**Student:** 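First the structure, which I've put down as structure tokens, then a few questions once you've had a look.
These numbers were taken from a predicted model, which means no experiment stands behind them. Scope of the values below: all heavy atoms of this structure, side chains included, with no hydrogens, waters or symmetry mates.
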Amino acid sequence: MNDFIPLFPLSMVVFPGENLNLHIFEPRYRQLIRECEENKITFGIPAYIDDKLMDLGTEVRLKNIHNIHPDGKMDVETEGIGIFKIHTFYREVPNKLYGGADIERMENDFKGNSHTAHRILMAAEELFDLLSIKKAVPKDASDFSVYDLAHHVGFSLGQEYNFLCIPTEMERQQFMLKHLEELIPVVKETERLRKKASMNGHFKRMISPGDL
């Protein structure tokens, strides 16, 4: 059975469990946020990539309206709660400013492999050290979802969407681990070349071989 939810398309991917702060300025989405607050409804954020609305998105709930500006704009906090698939998209909803869709809520498996999770955390920590990224890596691999790192491991927008489409934690773990194992050597080589290039132009103290 399909359900209807309002939509708020964005050129980004939102993941389940993610806390997302939004600045709401368009009248149609200000109306949507007011209705979420008054009627306790959720809404969907499907990714908008390469001028195309993607089939999958993340259902979110309004957690808090932090600020309403004098001109009606809002600063709000939301939370991703699940993944949905669009079956029918409505650009305009009767008597509303915003669009919506008939959607199917997708099953999502969160049971991962603790050994793979540990390898991901170690690789992520190495990547962050190489890039001087100040982000804490979870210490407990048994209480960790790869969604927690998905915005921080160098995925492109297309890769983030592909990641959202993966239905099980074990498959997501393999996807992320493969990405990190391919990315880290590239980052290391780039850093090596950067350091080498930074030495150009400096006076070097070179010692010639004594027996030549």
**Student:** With the side chain counted from C-beta on, respond yes when Leu130 and Ile184 share a heavy-atom pair under 4.5 Å apart, and no when they do not.
**Tutor:**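 In short, these two side chains touch, coming nearer than 4.5 Å.
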**Student:** Can Leu183 and Val153 be said to form a side-chain contact (heavy atoms from CB on, under 4.5 Å), step by step?
**Tutor:** CA-CA 9 Å; Leu183 179 61; Val153 293; 5.8 Å; no
**Student:** Taking the side chain as C-beta and beyond, is there a heavy-atom pair between Glu37 and Ile65 under 4.5 Å?
**Tutor:**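 Counting from C-beta outward, Glu37 and Ile65 do come under 4.5 Å.
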**Student:** Grouping I, L, V, M, F, W and Y whenever their side-chain heavy atoms are under 4.5 Å apart, do Ile86 and Tyr29 come out in a common cluster?
**Tutor:**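 The answer is no; the residues belong to distinct hydrophobic clusters.
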**Student:** If only side-chain N and O atoms count, and only distance matters, is there a donor-acceptor pair under 3.5 Å linking Asp55 with Tyr161?
**Tutor:**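 The criterion, which ignores hydrogens and geometry beyond distance, is not satisfied for Asp55 and Tyr161.
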**Student:** With under 30° as parallel and over 60° as perpendicular, where do the rings of Phe163 and Phe15 fit, or are they tilted in between?
**Tutor:**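 Ring orientation of Phe163 relative to Phe15: perpendicular.
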**Student:** Under a 4.0 Å threshold between the charged nitrogen and the carboxylate oxygen, would Lys139 count as salt-bridged to Glu125?
**Tutor:**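 Salt bridge flag = yes for Lys139 with Glu125.
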**Student:** Kindly determine whether Phe43 and Ile33 satisfy side-chain contact (heavy atoms from CB on, under 4.5 Å), including the steps that lead there.
**Tutor:** CA-CA 9 Å; Phe43 63 98; Ile33 293 299; 4.1 Å; yes
**Student:** May I ask you to say whether Lys85 pairs ionically with Glu104, meaning some side-chain N is under 4.0 Å from a carboxylate O?
**Tutor:**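 Between Glu104 and Lys85 there is no salt bridge, as every charged N stays at least 4.0 Å from the carboxylate O atoms.
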**Student:** In Å, rounded to the nearest 0.5 Å, how long is the span from CG of Asp140 to CG of Leu121?
**Tutor:**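 Answer rounded to 0.5 Å: 9.0 Å.
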**Student:** Side chains of Leu20 and Val60, heavy atoms from C-beta outward: is any pair under 4.5 Å?
**Tutor:**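 A side-chain contact under 4.5 Å is absent here.
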**Student:** Show the nearest heavy-atom pair for residues Lys63 and Asn19, with the distance to one decimal.
**Tutor:**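 So the two residues come closest at NZ-OD1, 3.2 Å.
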**Student:** What is the distance from atom CZ of Phe144 to atom CD of Gln173, rounded to the nearest 0.5 Å?
**Tutor:**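 Those atoms lie 7.5 Å apart.
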**Student:** Grouping I, L, V, M, F, W and Y whenever their side-chain heavy atoms are under 4.5 Å apart, do Tyr48 and Ile103 come out in a common cluster?
**Tutor:**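 Per the 4.5 Å side-chain linkage, Tyr48 and Ile103 are co-clustered.
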**Student:** Over all heavy atoms of both residues, which pair between Ala141 and Ser114 is shortest? Give the atoms and the distance, please.
**Tutor:**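 Distance-wise, the nearest heavy atoms are CB-O, 3.9 Å.
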**Student:** Does a salt bridge link Lys73 with Asp71, judged by any charged N lying under 4.0 Å from a carboxylate O?
**Tutor:**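 Salt bridge present between Lys73 and Asp71.
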**Student:** Please test Asn39 against Arg34 for side chain to side chain donor-acceptor pair (under 3.5 Å), starting from the C-alpha separation and ending with a verdict.
**Tutor:** CA-CA 8 Å; Asn39 303 323; Arg34 286 194 298 269; over 6 Å; no
**Student:** I'd like to know if Glu182 pairs up with Lys178 as an ion pair, taking the criterion as any Lys NZ or Arg NE/NH1/NH2 lying under 4.0 Å from an Asp or Glu carboxylate oxygen.
**Tutor:**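 Answer for the salt bridge query: yes.
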**Student:** Would you find more than 12 non-hydrogen atoms of other residues, nucleotides or ligands less than 6.0 Å from Phe25 atom CZ?
**Tutor:**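 No, because the 6.0 Å sphere around CZ of Phe25 holds 12 heavy atoms or fewer from other groups.
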**Student:** Please give me the minimum heavy-atom distance between Val13 and Ala47, naming the atom from each residue.
**Tutor:**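 Minimum heavy-atom separation between Val13 and Ala47: CG2-CB, 4.0 Å.
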**Student:** Are Asn113 and Arg119 linked by a side-chain donor-acceptor pair shorter than 3.5 Å?
**Tutor:**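 Arg119 and Asn113 do not have a side-chain donor-acceptor pair below 3.5 Å.
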**Student:** How many angstroms lie between OG1 in Thr58 and CG in Leu10, if you round to the nearest 0.5 Å?
**Tutor:**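 It is 11.0 Å, given to the nearest 0.5 Å.
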**Student:** Just do the side-chain contact (heavy atoms from CB on, under 4.5 Å) check on Met170 and Thr116 with the steps written out, would you?
**Tutor:** CA-CA 8 Å; Met170 285 190 181; Thr116 308; over 6 Å; no
**Student:** Just checking Met106: does its CE atom have more than 12 heavy atoms from other residues, nucleotides or ligands closer to it than 6.0 angstrom?
**Tutor:**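 More than 12 heavy atoms, drawn from other residues, nucleotides or ligands, come within 6.0 Å of this atom.
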**Student:** Is it true that Leu164 and Phe8 fall in one hydrophobic cluster, defined by side-chain heavy atoms closer than 4.5 Å?
**Tutor:**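 No; Phe8 is not reachable from Leu164 via cluster members.
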**Student:** Nearest 0.5 angstrom please: Met176 CE to Glu171 CD, how far?
**Tutor:**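 Met176 CE to Glu171 CD: 14.0 Å, rounded to 0.5 Å.
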**Student:** Answer whether the closest heavy-atom distance between the side chains of Glu160 and Met12 falls below 4.5 Å.
**Tutor:**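 Contact flag for Glu160/Met12 side chains = no.
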**Student:** Side chains of Met74 and Leu22, heavy atoms from C-beta outward: is any pair under 4.5 Å?
**Tutor:**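 No, side chains not in contact.
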**Student:** Restricting to non-hydrogen atoms, name the atom on Pro6 and the atom on Ile41 that form the minimum distance, rounded to 0.1 Å.
**Tutor:**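 In terms of heavy atoms, the two residues are closest at CG-CD1, 4.2 Å.
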**Student:** So, do Lys111 and Glu169 sit near enough that their side-chain heavy atoms are less than 4.5 Å apart?
**Tutor:**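 No, their side chains stay 4.5 Å or more apart.
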**Student:** Centroid-to-centroid, Phe175 to Phe155, below 6.0 Å?
**Tutor:**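 Yes, ring centres under 6.0 Å apart.
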**Student:** Taking the side chain as C-beta and beyond, is there a heavy-atom pair between Leu53 and Phe89 under 4.5 Å?
**Tutor:**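 Side-chain contact under 4.5 Å: yes.
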**Student:** If you measure from CD on Glu181 to CG on Leu127, what distance do you get to the nearest 0.5 Å?
**Tutor:**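 Answer for the CD-CG pair, Glu181 versus Leu127, is 12.5 Å.
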**Student:** When you look at NE2 of His118, are more than 12 heavy atoms from neighbouring residues, nucleotides or ligands closer to it than 6.0 Å?
**Tutor:**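 Not more than 12 within 6.0 Å, no.
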**Student:** Would a single hydrophobic cluster contain both Met122 and Val187, if residues Ile, Leu, Val, Met, Phe, Trp and Tyr are joined by side-chain heavy-atom contacts under 4.5 Å?
**Tutor:**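 In one cluster with Val187: Met122, no.
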**Student:** Are Tyr147 and Ile45 connected into the same hydrophobic cluster when the rule is that any two of I, L, V, M, F, W, Y join if their side-chain heavy atoms are below 4.5 Å apart?
**Tutor:**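 In one cluster: no.
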**Student:** Can a donor-acceptor pair be found, under 3.5 Å and without considering hydrogens, that links the side chain of Arg172 to the backbone of Ile166?
**Tutor:**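 A pair under 3.5 Å: yes.
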**Student:** Any salt bridge between Glu35 and Arg30, counting N to O under 4.0 Å?
**Tutor:**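 No, Glu35 and Arg30 are not salt-bridged.
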**Student:** Mark yes when over 12 heavy atoms from residues, nucleotides or ligands other than Glu77 sit less than 6.0 Å from its CD; otherwise mark no.
**Tutor:**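 Yes, CD of Glu77 has more than 12 neighbouring heavy atoms, counting only those of other groups under 6.0 Å.
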**Student:** Would you give the length of the straight line joining atom OG of Ser145 to atom CD of Glu18, rounded to the nearest 0.5 angstrom?
**Tutor:**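 Nearest 0.5 Å value for the OG-CD distance: 11.0 Å.
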**Student:** Could you tell me whether Glu38 atom CD has more than 12 heavy atoms of other residues or ligands within 6.0 Å of it?
**Tutor:**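 Yes - once you tally the heavy atoms of other residues, nucleotides and ligands closer than 6.0 Å, there are more than 12.
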**Student:** Of all heavy-atom pairs between Lys135 and Asp148, which one has the smallest distance, and what is that distance?
**Tutor:**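 Heavy-atom minimum between the residues: CE-O, 4.3 Å.
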**Student:** Are side-chain N/O atoms of Asp75 and His69 paired as donor and acceptor at under 3.5 Å?
**Tutor:**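 Yes.
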**Student:** Hey, is CG on Asp50 packed in by over 12 heavy atoms from elsewhere, all under 6.0 Å?
**Tutor:**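 Atom CG in Asp50 is not packed in, count stays at 12 or less.
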**Student:** Heavy-atom distance under 4.5 Å between the side chains of His66 and Val76, does that happen here?
**Tutor:**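 With C-beta onward as the side chain, the pair stays apart.
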**Student:** Please confirm whether the backbone N or O of Arg61 pairs with a side-chain atom of Glu79, one donor and one acceptor, at under 3.5 Å?
**Tutor:**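 Absent.
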**Student:** Could you pull out the closest heavy-atom pair between Ala124 and Leu180, with the gap in Å?
**Tutor:**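 For Ala124 and Leu180, the tightest heavy-atom pair comes out as N-CD1, 4.2 Å.
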**Student:** Test the Arg91-Tyr98 pair against the cation-pi criterion, namely NZ or CZ under 6.0 angstrom from the six-membered ring centroid and within 45° of the ring axis.
**Tutor:**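 Because its charged atom misses either the 6.0 Å distance or the 45° angle limit, Arg91 does not stack over Tyr98.
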**Student:** Using side-chain contact (heavy atoms from CB on, under 4.5 Å), reason through Leu7 and Tyr90 one step at a time and then give a plain yes or no.
**Tutor:** CA-CA 9 Å; Leu7 292 186; Tyr90 305 100; over 6 Å; no
